[in-house]
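Note sheet for the following structure.
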Amino acid sequence: PENVDGNWSTMGKYTFIHSFGEAKKMHLEVPLTATYNQSVDLMGVDGVAGSNLSRVYGQSVSVAPCFKADWGKQHFEITCQPTWERLTGERADFVDFDALTTRTTLSATLKLPWKIDLNTDFSLYTRSGYADARLNSADWVWNGRLTRPFFKGSLLVMLDGFDILGQLSNVTRTINAQGRTETFTSVMPSYALMHVVYRFNKEPKKR
């Protein structure tokens with residue numbers, strides 16, 4: 001085993017927040033984040049004996065504007081978070097690259113007829129700029145929950161749907177400064193789940 005030294009990172013963040021409209025029911029939040037880090041590791045290189053020092057420099061800029069609004073009993077929210085990242089390295093076999101990751105989400109809480117509440121979110125996850133085509137992806141993810149009370153709220157029935165469009169995979173590929181990690185999970189990304197909750201309150205005869 002060998003020890004290495006030299007890992008460090010720095011980050012700066014600025015957030016703009018503003019509420020407007022009638023009764024300030026519209027809300028805009030825009031966080032801007034910039035990071036810079038140095039990652040040091042030991043790894044083998046083809047054709048070179050022993051472990052070699054790998055120093056990789058990472059820069060990223062992320063902005064995540066979020067708009068929220070209330071119209072009567074309805075609530076809407078939209079968020080778009082693009083993140084640009086650039087990685088450069090000193091190894092002879094390291095290929096510098098730029099990558100763009102974006103998450104766009106539209107969510108809503110709606111009051112429907114027949115005392116039904118709908119909570120739903122619809123997201124698009126995109127990644128581009130990677131040499132491996134499997135890392136450049138565009139995934140649509142839709143989740144939702146329907147809620148209906150019965151017997152004056154004593155009985156609550158909820159139906160959840162996760163990944164309704166069936167876009168998610170059980171293989172997750174992530175990139176850090178030194179390499180790629182693939183994680184395999186044995187769970188179902190898409191499924192439905194029903195909850196039945198009964199609430200009651202019994203007070204003692206004597207206090």
Side-chain angles (χ1 to χ4, degrees), residues 1-17 28-68 77-107 121-143 162-163 165-190:
E2 299 180 65
N3 296 325
V4 293
D5 190 18
N7 291 310
W8 61 271
S9 65
T10 182
M11 183 267 287
K13 184 175 183 179
Y14 173 79
T15 303
F16 170 80
I17 301 175
L28 178 65
E29 182 174 335
V30 185
L32 175 64
T33 305
T35 63
Y36 184 87
N37 63 77
Q38 174 180 283
S39 176
V40 179
D41 202 355
L42 292 172
M43 58 176 41
V45 179
D46 290 343
V48 180
S51 298
N52 294 269
L53 188 66
S54 172
R55 184 177 284 110
V56 179
Y57 308 98
Q59 310 164 53
S60 69
V61 177
S62 174
V63 61
C66 178
F67 175 72
K68 303 176 183 179
E77 183 174 332
I78 183 170
T79 303
C80 181
Q81 184 178 0
T83 301
W84 168 82
E85 185 177 17
R86 176 169 176 78
L87 293 178
T88 59
E90 297 179 347
R91 293 197 328 264
D93 63 337
F94 189 90
V95 180
D96 301 344
F97 71 94
D98 298 79
L100 179 65
T101 302
T102 305
R103 176 180 62 87
T104 305
T105 301
L106 173 63
S107 60
D121 58 84
F122 192 68
S123 301
L124 171 63
Y125 297 88
T126 63
R127 298 196 300 186
S128 60
Y130 296 99
D132 190 337
R134 291 176 298 178
L135 294 172
N136 299 316
S137 59
D139 298 317
W140 296 91
V141 181
W142 180 26
N143 303 315
F162 295 91
D163 187 26
L165 300 179
Q167 292 282 300
L168 292 181
S169 171
N170 63 343
V171 181
T172 303
R173 298 178 176 90
T174 57
I175 293 286
N176 61 19
Q178 298 295 341
R180 182 177 75 184
T181 301
E182 293 189 357
T183 304
F184 296 81
T185 56
S186 58
V187 299
M188 293 184 299
S190 303

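For F16, the side chain to side chain contact (heavy atoms under 4.5 Å, CB included) partners at least two apart in sequence or on another chain are Y14, H18, L28, V30. The salt bridge (charged side-chain N to carboxylate O under 4.0 Å, His left out) search around R86 returns D98, not counting sequence neighbours. A search for side chain to side chain contact (heavy atoms under 4.5 Å, CB included) contacts involving N143 returns D121, V141, F162, not counting sequence neighbours. Partners of T104 by side-chain hydrogen bond (donor to acceptor under 3.5 Å, both in side chains), not counting sequence neighbours: none found. Partners of T83 under the side-chain hydrogen bond (donor to acceptor under 3.5 Å, both in side chains) rule, at least two apart in sequence or in another chain, are S62. Listed by chain and number, the residues in a ring-ring contact (aromatic ring centres under 6.0 Å, His included) with F67 amount to none (sequence neighbours excluded). T126 is linked by a side chain to side chain contact (heavy atoms under 4.5 Å, CB included) to T102, L124, A138, counting only residues two or more places apart in sequence or in another chain. Here N136 pairs with nothing under the side-chain hydrogen bond (donor to acceptor under 3.5 Å, both in side chains) rule; sequence neighbours left out. Among residues two or more places apart in sequence or in another chain, the side chain to side chain contact (heavy atoms under 4.5 Å, CB included) test is passed with Y57 by Y36, Q38, R55, T88, E90. Here W84 pairs with nothing under the ring-ring contact (aromatic ring centres under 6.0 Å, His included) rule; sequence neighbours left out. Qualifying side-chain hydrogen bond (donor to acceptor under 3.5 Å, both in side chains) partners for S60, counting only residues two or more places apart in sequence or in other chains: T35.
A distance of 9.0 Å separates CD1 of I78 from OG1 of T105, quoted to the nearest 0.5 Å. For the atom pair CD (Q59) and CG (L87), the distance works out to 9.0 Å, reported to the nearest 0.5 Å. One finds the CZ atom of R127 at 11.0 Å from the CD atom of E85 (value rounded to the nearest 0.5 Å).
The closest side-chain heavy-atom distance from F122 to L165 is below 4.5 Å. Looking at heavy atoms from C-beta onward, T15 lies in side-chain contact with E29 at the 4.5 angstrom threshold. Residues T33 and M11 are in side-chain contact: their nearest non-hydrogen atoms beyond the backbone lie under 4.5 Å apart. Using a 4.5 Å cut-off on side-chain heavy atoms (C-beta onward), V40 and S54 make no contact.
The backbone N or O of L53 sits nowhere less than 3.5 Å from a side-chain atom of D41 that would complete a donor-acceptor pair. A side-chain donor-acceptor contact under 3.5 Å links S190 to the backbone of D163.
Of all the heavy atoms in G89 and D96, the pair that sits closest is N-OD1, 3.2 Å. Minimum heavy-atom separation, P65 to P31: N-CD, 4.4 Å.
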